[in-house]
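Note sheet for the following structure.
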Amino acid sequence: ISDYRMTETKDLHNSAIIAGTRAEVSRLNKIVQADRISKNELGKKSIQVKDDFLYENDRVLFTKNNRFLRIKNGDLGTVSEIDREQRRIK
């Protein structure tokens, strides 16, 4: 995380934090989200997905293929909108 903070960039398309386990991913994600919230880089709306939360402007990594949505395992995206009532993320 200290390396991330030293080299962070507004261009998140060229940034990544790599972790070895899902537990490490979850822990590191919470730290980075808190950092980005303090800088007003994430939206106010959030939604719980399993044990984690996603916020508007969060970066996400897809881990399964979905032909209908044209998503491949390893694709990256940015949460642009959260609709809590319909539990939908764009």
Side-chain angles (χ1 to χ4, degrees):
I1 292 298
S2 61
D3 288 345
Y4 157 78
R5 287 185 176 138
M6 288 175 43
T7 60
E8 67 184 290
T9 176
K10 294 282 183 192
D11 182 12
L12 295 177
H13 297 289
N14 294 316
S15 300
I17 297 175
I18 309 297
T21 67
R22 289 184 181 176
E24 288 174 343
V25 168
S26 181
R27 184 178 65 81
L28 293 172
N29 192 46
K30 287 176 181 144
I31 292 168
V32 172
Q33 282 176 326
D35 193 53
R36 294 189 67 211
I37 287 169
S38 74
K39 295 176 183 176
N40 293 318
E41 293 177 357
L42 295 181
K44 302 288 183 204
K45 289 185 182 177
S46 66
I47 192 165
Q48 188 169 0
V49 179
K50 297 186 180 180
D51 294 332
D52 295 309
F53 285 86
L54 292 177
Y55 294 84
E56 291 175 330
N57 299 323
D58 246 341
R59 295 287 290 157
V60 294
L61 171 70
F62 294 94
T63 59
K64 292 184 180 179
N65 294 334
N66 185 312
R67 284 185 175 199
F68 178 75
L69 297 174
R70 297 183 182 171
I71 294 171
K72 294 181 183 176
N73 182 12
D75 282 351
L76 294 169
T78 301
V79 176
S80 61
E81 182 181 332
I82 294 174
D83 183 337
R84 287 186 217 144
E85 289 180 19
Q86 295 195 14
R87 298 211 31 91
R88 184 174 59 197
I89 302 170
K90 288 185 181 181

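Please read all numbers here as calculations on a predicted model, not as lab measurements. The analysis underlying the following values was restricted to heavy atoms, covering all of them including side chains, and did not include hydrogens, waters or symmetry mates.
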* Side chains of N57 and E41: donor-acceptor distance under 3.5 Å anywhere? -> no

* **side-chain contact (heavy atoms from CB on, under 4.5 Å) involving V25 - partner list, sequence neighbours excluded** => A19

* To do: State which residues pass side chain to side chain donor-acceptor pair (under 3.5 Å) with S80; sequence neighbours excluded, sorted by chain then number.
  => none

* **Residues which pass side chain to side chain donor-acceptor pair (under 3.5 Å) with D75, listed by chain and number, not counting sequence neighbours** => none

* Looking only at non-hydrogen atoms, find the nearest pair between L54 and I82 and report the distance. => O-CD1, 3.5 Å

* Structure fact -> Of all heavy-atom pairs linking K50 and Q48, the shortest is O-NE2, 3.0 Å

* Applying side-chain contact (heavy atoms from CB on, under 4.5 Å), run through V32 and I17 and close with a yes or a no. => CA-CA 10 Å; V32 172; I17 297 175; 3.4 Å; yes

Side-chain donor-acceptor contacts of residues 65-72 below 3.5 Å, not counting sequence neighbours, with atom names and distances?
{"unit_1": "N65", "atom_1": "OD1", "unit_2": "N73", "atom_2": "N", "d": "2.6"}
{"unit_1": "N66", "atom_1": "OD1", "unit_2": "F68", "atom_2": "N", "d": "3.1"}
{"unit_1": "N66", "atom_1": "OD1", "unit_2": "L69", "atom_2": "N", "d": "2.9"}

* Structure fact -> Contacts of T21 meeting side-chain contact (heavy atoms from CB on, under 4.5 Å) (sequence neighbours excluded), chain-then-number -> A23, E24

* Structure fact -> Hits for side chain to side chain donor-acceptor pair (under 3.5 Å) against E56, two or more places apart or cross-chain, chain-then-number order -> none

* **Nearest-0.5 Å distance that lies between atom CG in D83 and atom CD in E81** => 6.5 Å

* Asked: Quick one: side chain to side chain donor-acceptor pair (under 3.5 Å) partners of K30, sequence neighbours excluded?
  -> S26

* Please go through F53's hydrophobic cluster and name the other residues, only I, L, V, M, F, W, Y counting, with side-chain heavy atoms under 4.5 Å joining them. => I37, L42, Y55

